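As structure tokens, the structure follows; a few thoughts come after it.
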Protein chains: 2
Amino acid sequence: MNRKRQITIREIAAKVGVSIGTVDRVLHNRGRVSPETREKIEALVKKFGYRPNPLARHLKLKKEYQFFILSPYRHEDSGYWGLVFNGIQRAAEELSPFGIHIFFKEFDRYSRESFWKTAHSISLEDCDGLLLAPIIPSEMLHWLNELPSNIPYVFFDATLPDMSPITEIGQDPYNGGFLAGKLLCLFALRERGTYCVIAPHSEDYHIKRRIEGFLAFWANLEGYRTEVRTCSDMDHQETREGFLNSLLQEIPNPKGIFVANSSVHSVAEILNRDNSFHIPIIGYDLVPENERLLREGLIDVLISQRPAYQGYQAVYQLYRHVVLQQVIEKKIPIPIHFYFKENLIQEYSPDLEYKETMFAFND
Amino acid sequence: MNRKRQITIREIAAKVGVSIGTVDRVLHNRGRVSPETREKIEALVKKFGYRPNPLARHLKLKKEYQFFILSPYRHEDSGYWGLVFNGIQRAAEELSPFGIHIFFKEFDRYSRESFWKTAHSISLEDCDGLLLAPIIPSEMLHWLNELPSNIPYVFFDATLPDMSPITEIGQDPYNGGFLAGKLLCLFALRERGTYCVIAPHSEDYHIKRRIEGFLAFWANLEGYRTEVRTCSDMDHQETREGFLNSLLQEIPNPKGIFVANSSVHSVAEILNRDNSFHIPIIGYDLVPENERLLREGLIDVLISQRPAYQGYQAVYQLYRHVVLQQVIEKKIPIPIHFYFKENLIQEYSPDLEYKETMFAFND
DNA sequence: ATTAAATGCGTTAACGTTAACGCAAAATGT
DNA sequence: ACATTTTGCGTTAACGTTAACGCATTTAAT
């Protein structure tokens, strides 16, 4: 159970019969060491698994680490990114004794220009790590390919193929969609009929996979139909109302609706407010507006991507890699998490105040 | 956003006009300081919010921290505690550069004698922190009251009133029961009839609250009946079969069953294996046996208490308190988490291998 | 052949904290 | 009055790592 004490640079030096300076030069590739000595030292380093004591290193260097977050504006996606920032903020506070500093760099997720402007505003010289939301894959890819190769980065929320992040943090969108189907089916009491997917009109890989998962759930069931409809701009009131009206005209009696992103509140507000019948609605993300409507009963289920946890993990794993030089798992999967109106506990709420009633163990 | 640099002991000393030795004596209450000097130093320490650099301290002291886990045997509750241990183990590995060492002290949760024997085997002299599962409240209370007051401890899984733990980690059992009701109702397609609770015959506060929550869900609904039955020993095959047989005789057609603890697999195995009809069953905890039956479809839903996360958090928060001397939130609520057969991802699995298919972002 | 540069290595001073040690001066005991 | 203890404080050596610096040799350049 107890691993043995870590070997120190001084002990390595003694074993080889050189000074610590020489060992240090080998360790940091600072040259001025003969090939034979270098080999001997490298052999021992390997043999004894020497790893520099991160505490001593930090003490000596007094290094301040700068991590940059490249993410959509915090208010976008109905405030989703703000939830991520809460987790990031908390991690930053906890890790401040280690000299971790966080800088938020936000862009408009619908503007390539904004992305580039923001990306270029990051001062790469004194950047020790990047937290990236690859929400515009092509641009992110392009930018990363021109990046100095020595800057470590993590992906959160989504990922990109064929890259080398320290780790990828995210939720399986296919599975989320599948489960959305399952829950929607239950909330509709397995009634036969037509079930709708409402999605933004975008190329977003995540959204597509969620829809695929949702459709996969219904594929083998008999008596059920599914319809996918995309809306060009859910944030714009007229567009939204026009879209939903024509949807209801086309499908007059949908048994349930799955909104594949965080704009589910816009849908639920129109379809389930002041109506004589309730359409089961399931959507994504516990953003404030969605939370409110969940509480009011206009939304039935929300799938959470656990944004604050993702943000926290992104910072923490980067710290583990950069400061502690530990080995990080290549993937950090985020379990799919449901919220009904009865189990609303905001994780890492901004003010750290949790609702007492949700946690009353005694009396 | 950037907090200013922490003040050092040397700077405090300079400001007061004494040496660092004197300041250190004040900080550690080692006497040999005049009252006036002490006051001056204390004032400045307060004013500038001096806090010793945990890295330097650890470097100097080379202090090894010993944390003891006082918990039921890892195999008890169908292996539930083993899952907690996984999270503890992982935290211990991550924190090993800080000299954290973990010692597992396990007892039989059904034997007071075993509890005392185990509790007394903890060498309190070199104990820097305790992780406590207060699963036998009376004995734990008694033991804690006789404990030297300077040892910090955290509660996980459950808590005790009127104590001063560093933090309490746990899930709201009432809410969990309530949601179990809600989900069971959905899985039974809201069919009218009788719904059963099966619980162990014990005084366990958690279990009681879960049942209360479950009953609360049905209380205001019309056409639904609920029946609570306790079984003396679910682990014993004959007792179990006798219990379930008489249950089915009494309630021939239950619409759904809620098992208020992790022994749901025993129930599902008998009631839903090789039967022509499926009774919706919901239970607690993603222990291996339950996971298997969930996968096979004999169990419909499992509520997870996120044992590995609880274990991880318990160690991590204790580390934050003891090593970093940070302020810890008084309560760490564990959100209620559901598993269906489609979203099985084991958090913190022992071998750190996650199921790839659950996290395939691309293609 | 002489100077200059490069190589190979050791030494050392920090980083901030802690606690042992030392040493006056004051307080106490006989 | 003198010995002894106590008080109040400063000094210092670690802890492990890093990188600047120094100093011989060896190698290269003119």
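Fair warning: this is a prediction, and the values are worked out from it, not measured in the lab.
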Dump every N/O contact between nucleotides 27-29 of chain D and the protein below 3.5 Å, one line per pair.
none

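Rounded to 10 degrees, the angle separating the terminal helix axes of the helix from C:dA1-D:dT30 to C:dT30-D:dA1, each built from five base pairs, is 40°.
Between A:Tyr65 and A:His58, the ring planes are parallel. Angles under 30° get that label, and only those over 60° would be called perpendicular.
The distance between atom CD of A:Glu36 and atom P of C:dG8, rounded to the nearest whole Å, is 8 Å. For the pair B:Leu61 CG and C:dA20 C1', the computed distance is 13 Å after rounding to whole Å. Distance, A:Arg51 CZ to D:dT18 P: 13 Å, rounded to whole Å.
At the heavy-atom level, A:Leu27 lies nowhere under 4.0 Å from the strands shown. Among the atoms of the strands shown, only primed sugar atoms or phosphate atoms (P, OP1, OP2) are found under 4.0 Å from some heavy atom of A:Asn53. Residue contacts for A:Gly99: at a heavy-atom cut-off of 4.0 Å it reaches no nucleic acid atom on any strand shown. Looking at heavy-atom distances under 4.0 Å, A:Leu55 makes no contact with the nucleic acid at all.
In summary, the side chains of A:Arg38 and A:Asn29 do present a donor paired with an acceptor at a separation below 3.5 Å, with no hydrogens or angles considered. Between B:His321 and B:Gln326, the side chains place no donor N or O within less than 3.5 Å of an acceptor N or O (distance only, hydrogens not considered). Remark: the A:Gln325 side chain and the A:Arg57 side chain contain an N/O donor-acceptor pair separated by less than 3.5 Å.
Mapping B:Gly21 and B:Lys60 onto DNA chain D by nearest heavy atom places B:Gly21 closer to the 5' end of the strand.
Of all heavy-atom pairs between A:Ile135 and A:Pro137, the closest is O-CD, 3.4 Å.
Of the candidate nucleotides C:dT12, D:dC9, C:dT17, C:dT17 has the atom lying nearest to any side-chain atom of B:Arg10. Nearest to the side-chain atoms of A:Ile20 among the listed nucleotides C:dG8, C:dC15, C:dT11 stands C:dT11. The side chain of B:Ala56 sits closest to C:dT17 out of C:dT17, C:dT12, C:dT7. Nearest nucleotide to the B:Arg32 side chain, out of D:dC9, C:dG16, C:dG10: D:dC9.
Within the 6.0 Å centre-distance limit, the rings of A:Phe85 and A:Phe104 are counted as a close aromatic pair. Taking the six-membered ring wherever Trp is involved, the centroid distance between the rings of A:Tyr312 and A:Tyr309 does not fall below 6.0 Å.
The phosphate of C:dC9 has OP1 or OP2 within less than 4.0 Å of a side-chain N or O from A:Thr37. Remark: A:Arg57 is in phosphate contact with D:dT18, judged by side-chain N or O atoms under 4.0 Å from OP1 or OP2. One finds no side-chain N or O of A:Thr22 lying less than 4.0 angstrom from the OP1 or OP2 phosphate oxygen of C:dG8. Contact annotation: B:Thr8 does not reach the phosphate of C:dC15 (side-chain N/O to OP1 or OP2, under 4.0 Å). For the OP1/OP2 pair of C:dT18 and a distance below 4.0 Å, the side-chain nitrogens and oxygens of B:His28 include at least one atom meeting the criterion.
Annotation: side chain of A:Glu168 is not in contact with side chain of A:Val154 (no heavy-atom distance under 4.5 Å).
A donor-acceptor contact under 3.5 Å is not formed by the side chain of B:Arg25 with the base of C:dA19.
In this structure, B:Phe107 CZ and B:Lys117 NZ are separated by 14.0 Å, a value rounded to the nearest 0.5 Å.
A:Phe48 carries A:Lys15 over the face of its six-membered ring, with the cationic atom under 6.0 Å from the centre and within 45° of the normal.
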